Amino acid sequence: MSAGLVKIQLLLGGVLRSVTLTRGEREGSYAGDLDGQAVEFDAVSLMPGVLSLILRSGTGAGQSYQCVFDQADPETGTRRVSIGSHTFAYQVYDPRSLTGRSKRARQDEGTLLLKATMAGRVVRLLVEQGAHVESHAGIVVIEAMKMQNELRAQRAGQVTELRVAEGEMVSAGQVLAVIE
Amino acid sequence: MSAGLVKIQLLLGGVLRSVTLTRGEREGSYAGDLDGQAVEFDAVSLMPGVLSLILRSGTGAGQSYQCVFDQADPETGTRRVSIGSHTFAYQVYDPRSLTGRSKRARQDEGTLLLKATMAGRVVRLLVEQGAHVESHAGIVVIEAMKMQNELRAQRAGQVTELRVAEGEMVSAGQVLAVIE
Amino acid sequence: MHSIRKILIANRGEIAVRIVRACRELGIASVAVYSDADRSALHVLHADEAYRLGPAPATDSYLRSDLILAAARQSGADAIHPGYGFLSENAAFAAACKDAGLIFIGPGAESMALLGSKTRARQAADKAGMPRTPGSTQTLESLEQANEVATQIGYPVMLKAAAGGGGKGMYAVYSADELQTAFDNARSEAERAFGSSEVYLEKLLLRPRHIEIQIAADEHGHCISLGERECSVQRRHQKIIEECPSAILSEALRKRMGEAACRLAMTGGYTNLGTVEFLLDSEENFYFLEMNTRLQVEHPVTELVTGIDLVQLQIRIAEGYPLPFTQDEVQRRGHAIECRIYAEDPDNSFFPSPGKITRLLQPSGPGIREDCGVYEGWTVPNDYDPMISKLIAYAPTRLDAIHKLLRALDEYTIHGIRTNLELFKRILADEDFRIAAIDTGYLERLLASPARKMLAEESATFADIAALAAAFMERDGSPTPAVRAARASSSAQPAKWKDQARREGLRS
Amino acid sequence: MHSIRKILIANRGEIAVRIVRACRELGIASVAVYSDADRSALHVLHADEAYRLGPAPATDSYLRSDLILAAARQSGADAIHPGYGFLSENAAFAAACKDAGLIFIGPGAESMALLGSKTRARQAADKAGMPRTPGSTQTLESLEQANEVATQIGYPVMLKAAAGGGGKGMYAVYSADELQTAFDNARSEAERAFGSSEVYLEKLLLRPRHIEIQIAADEHGHCISLGERECSVQRRHQKIIEECPSAILSEALRKRMGEAACRLAMTGGYTNLGTVEFLLDSEENFYFLEMNTRLQVEHPVTELVTGIDLVQLQIRIAEGYPLPFTQDEVQRRGHAIECRIYAEDPDNSFFPSPGKITRLLQPSGPGIREDCGVYEGWTVPNDYDPMISKLIAYAPTRLDAIHKLLRALDEYTIHGIRTNLELFKRILADEDFRIAAIDTGYLERLLASPARKMLAEESATFADIAALAAAFMERDGSPTPAVRAARASSSAQPAKWKDQARREGLRS
């Protein structure tokens, strides 16, 4: 008799997936259920974060996949898995943290936080504090690895705060300006 | 002031080496003493078991070395380090275990244990138990990865025990025969 | 002949590794230099010796000729290879090397100053009777002057760094009101990248191809062409894919362009390797663009097609040897294509994506060469160009090379940083690229068009596999409380899961 | 033409990976098969599909044609590529594939049975008027018969497996009293390796070179030579280093040997790729040795020099396409050398050394190709041939290729298992190898001679670095009690260590 191994829900590519797995009879074989669909496969861990999976049921029986996992983001728990050229991000489903995130999102309504998309150095401020800007107007130019990137307002509004100065180093996700 | 980091004795390539290290002033720089010789170098760990070492003193100042370490043998504590094409085995010096080993070696005097040099299958026994053999006489043929290897007596004597049979799988280091 | 014993490589990344390899193959000792960000970089590990220059910013390290010359003295190097970028086209540095008694592996300072300056080279091209695009042959002193020239030749125009290369400090300007921002940005970028804010401008041709000629000139008056490279696949004037030969060049045109390139080099007293860049219009007219007085990033495609090791050739020329072959002895065979792999985020306008490489699975095997500057566990620093590797395929035909590249890209996994690997798959599968209907605007048009959606079925299959793999991977992970509760009760009801009906369409 | 859509690869290791790559480049689906020892093997990971055959021993898996044909049926493959070794020269298997409606990528069963059997091929060579070494043209039925033939042609003689290849089941016999042991061993090894214990014997030539001709024959009556490979560097009849071209072959001799090889193939109605092996004596006389009716391990050196992808060519020929080039269109350029990397212990008579690969740092860059069948973390099983990878260099000249190989070997680190990497450095630095003064006994002579001791000074330097690195590495390790005691007292006396006088000679 095979024993239950895992029952898990995943947010993968924006879709909630339910997976249950049990060990199969041969070593490395597994039976399971993916969103109500029975499925059998072989799986073996090759090295930390890399596994080989071979489907044993359905029309894809025999297909061999190498799945390479990134380390989970310590903050969000998001982890990427690459299968050949296809990469998917997923999180283990946890209703409470989702609620938390959407609450925070609502708080920000009416206010646009312009965040650095990547670490780099502020080479130019294109507006002054208090300025009214159109949608897509350039606000800050950041340079990283010799590339300059102009960060633009995602909608029209007033620049109520400029939180960085020219020459300053910023990290990814850091708030650069507030537009209301 | 730099603080003491390690004082260690190593058995390396059959020679006892004494090394002391202290941290240098810049990050990643070290000063030390190798068998009474003052030495300075930079060192940084690149990934587990791999380090980059750049000499900063002596005639070799500036030389850059990548040192790749194997995992230590859990039984003997022996570890290999490769620098380019040069590989050295070493142990952290421990007088008691050495004494232990030489005692065991003495016990075996007068008796030759013919051990399998590698895992494989016994395909042929070339002598019978009780036979007298010359030095270099073939005793057992082992096959591994399609290669046959004839294991020979390292000196003349009587085969007092044959511990394996044809067709049997043996592991590296396993005693195959006893010659007295 | 002055035999070189030890070369200091005044560069970093893949090109420094490339040069170390050539040194080792020639029995020459190699000396790496590094900034604080590069103490653990691959070129430091590969070289025989390594010396620290200074802090991470290039202006404090790789652009500091005084520190580099000091390292050369300290190491006892007798020659300097500048690679590409950094000080490679800085004539003052070339002169300083010579003054310090070091062999600079490249052209002499004077011909570099003449042909390497975009503005003076355009004057030399005029003298050599080479066609060039209209525009300034002088550095623009002010915005007013820029405005004047632009108005005279008519928009669109292109602003370029006089000391530049590699697409840095280049800005296309389509109308007068964009000029000021572009002028400021170009000058600022040029100053940062090349230590000189000098810019010039020229007429922007419509849909030209970028074709360049690799030349080799020795110190005995011989100059030959090693054939062309096509580098029309560019994003923001940065080459992304290069190939050799060009799919559309006739043998006659190849010969004419090669001769023109050699004429310019000879006029300027040029020695060592160099590249003359042209724009080619649809009527097979070519226009001189600029000359790169150094090794190019994309030199491997020429190496694969001609069978010549260009870095070894550079060193031999610098030692004073005559070219080991004549123009007629240069054989071309097959087709090579290079992909420049950048640490950049395709979901974020290809903005640089430095960081730690947590996983690196690299392709290999028949017809694949990789010139890589990074390794698993290495942190790509924020301070330099985001190119981390070059993947090159070589095959009998262009289509074979495309297929080999696609195969190699399928074997490639990089985690921890974002890269443009996916972009190559899109380009190499694109019908226009396959029939070589490319020009310097090709890639921007492709990126503006909607990406071909993966077939829904194919995508669904991979998502299913990802879900199964993730469940398997997380089986021993630290589940959330909700999951833990579910798992505790799971052993009581395994039969139920299995009894559920198969869903149609999902691989059943 | 019968277009192939899906190929089952009846093999493992690097050659299975090689074939998967060719399939992918041609848009053909690939199916791997594996034994229990190979579930995590690289070829299983690379292929589109994978099916288990059976337990680890080859006789229960890769030699079970029934299981392989069942996997082909299950996967819907329409063709089988046998690789080398295993069932690749088994005519019954080739016939069984055809009977099952599958395309066997190789010659037809009949010409394989004729030319692949060492004994029947020798008869065919006689008919085709090819010179061959004296010896039996029949399988030896008994020790008595072996004795009879050996006595007749005179010792030394060579015993060989009739179904063999790759040096397995080959035994040199120098006198009559060695014959029985060699006969028993050869038959036993042949049975295990090829499923047939048939052996024959022939005269052993003194100091011959091993030169082989790669031929390609289509199903439309065309057969051409793709040139020679020199494989004289062998240990126990196992090729270790192969190169293309041979350093000593004249164009005239190359042509004569190529024509002889094609004549034999045409006589036997041969199709697809094959290799005719010859021994060459010092007077440029060549003797037919045997024909390998399959892809060779060393095919990459021919690919690099001719620019032709041989596995893709095999598939195209099997699909019924005519050869895409004529004899005159085959261009050779440059020189390629291959090193076969084996998991074997150089300190223990090169006995196989299976086990887990704990560290794998591989070379790359200009002129280097690696066809590798393993990866870091993989456990090399005990059950198969110990070859794990092939490292190949390509350069304009033989000496350049040697230097590239040495550079690549310096970049190569394998831990966890023992390998023959060091052996290649010794051979490539050897003066006789450098002047191509090699024959099939060359390597055994080199190994019998004392190894050049590293210069004492060089060795001492590396030992010093190793000691410093080890001390650094163990700084956070779990020290023995003795060390712990020393460390506890160390903070009290750091000054003392530094004050000690420098030792002369030790890098000061």
Side-chain angles (χ1 to χ4, degrees), chain B residues 2-10 12-13 15 17 19-22 30-39 41 43 49 51 53 55 58-60 65 67-71 79-86 88 90 92-95 117-120 123-124 141 143-149, chain D residues 168 184-185 188-189 192-193 343-345 348-349 351-354 358-359 361 382-386 409-410 413 415-416 421-422 425 454 459 461-475 477 479-483 486-487 490-491 493-494 497-498 500-503 506-508:
Chain B
S2 55
L5 179 65
V6 66
K7 178 166 188 168
I8 199 167
Q9 288 192 301
L10 303 161
L12 187 142
V15 179
R17 312 298 302 263
V19 192
T20 57
L21 298 183
T22 58
Y30 298 87
D33 174 299
L34 173 63
D35 299 327
Q37 165 77 28
V39 62
F41 61 92
L51 65 88
L53 190 152
L55 274 185
T59 51
Y65 300 94
C67 308
V68 185
F69 289 76
D70 210 343
Q71 282 147 12
R79 199 169 184 186
R80 280 169 197 279
V81 51
S82 297
I83 305 167
S85 60
H86 307 278
F88 299 89
Y90 72 89
V92 176
Y93 179 62
D94 176 353
T117 44
M118 196 51 62
V123 290
R124 206 159 317 114
V141 179
E143 186 174 282
M145 296 170 113
K146 302 286 164 215
M147 294 281 288
Q148 297 199 350
N149 193 32
Chain D
K168 301 213 180 71
D184 291 346
N185 282 339
S188 148
E189 214 172 284
R192 276 173 187 280
E344 57 186 25
D345 186 350
N348 185 16
S349 314
F351 200 66
S353 170
T358 55
R359 179 77 66 189
L361 303 178
N382 180 51
D383 307 274
Y384 316 108
D385 184 275
L409 288 164
D410 266 344
T413 301
H415 275 179
L421 280 178
E422 285 301 307
K425 296 184 196 170
M454 238 195 310
S459 177
T461 297
F462 281 104
D464 286 355
I465 300 301
L468 291 175
F472 180 82
M473 183 56 72
E474 305 295 340
R475 72 196 186 285
T480 60
V483 175
R487 190 181 294 183
S490 67
S491 56
Q493 49 174 343
W497 317 333
K498 274 199 152 175
Q500 288 181 351
R502 293 191 171 222
R503 203 163 29 134
L506 185 72
R507 310 190 62 76
S508 65

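All values below come from the heavy atoms of this structure, side chains included, with hydrogens, waters and symmetry mates left out. To find a chain, count down the sequence lines: A is the first, B the second, and so on, and within it residues start at 1. Please read these numbers as outputs of a predicted model, since none were measured by experiment.
Looking only at side-chain heavy atoms (C-beta outward), D:Met473 and B:Leu51 come within less than 4.5 Å of each other. Contact check for B:Val123 versus D:Arg192: side-chain heavy atoms found under the 4.5 Å cut-off. Side-chain contact between D:Arg475 and B:Ile8: absent, with no pair of heavy atoms (C-beta onward) separated by less than 4.5 Å. In this structure, B:Ser82 and D:Arg359 have side chains that are not in contact, with every pair of non-hydrogen atoms separated by 4.5 Å or more.
Here the straight-line distance linking atom CD of B:Glu143 with atom OG of D:Ser188 works out to 6.0 Å at 0.5 Å rounding. One distance of note links CD of B:Gln37 with CG of D:Leu468; it measures 10.0 Å at 0.5 Å rounding.
The minimum heavy-atom distance between D:Ala471 and B:Val6, with the atom names listed, is O-CG1, 3.9 Å. What you find for B:Leu34 and D:Ala467 is that their closest heavy atoms are CD1-CB, 3.8 Å. Here the closest heavy-atom approach between residue D:Gly416 and residue B:Asp70 is recorded as N-OD2, 3.5 Å. Scanning both residues, B:Tyr65 and D:Thr461, for their nearest heavy atoms gives OH-CG2, 3.7 Å.
Only the side chain of D:Leu361 comes within less than 4.5 Å of a heavy atom in chain B; its backbone stays farther off. With a 4.5 Å cut-off on non-hydrogen atoms, B:Ile83 touches chain D through its backbone and its side chain both. When heavy atoms are compared at a cutoff of 4.5 Å, B:Val68 approaches chain D by way of both its backbone and its side chain. Residue B:Phe69 touches chain D through both its backbone and its side chain, counting heavy-atom pairs closer than 4.5 Å. Contact of D:Asn348 with chain B is made through the side chain alone, with heavy-atom distances under 4.5 Å.
Heavy-atom pairs under 4.5 Å with chain B were tallied for D:Leu409, D:Asn185, D:Asp184; the largest tally goes to D:Asn185. In terms of non-hydrogen atom pairs under 4.5 Å with chain B, the most contact-rich of D:Asp410, D:Asp345, D:Leu421, D:Thr358 is D:Thr358.
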Where do D:Ile465 and B:Phe88 land on the side-chain contact (heavy atoms from CB on, under 4.5 Å) test, with the steps shown first?
CA-CA 10 Å; D:Ile465 300 301; B:Phe88 299 89; over 6 Å; no

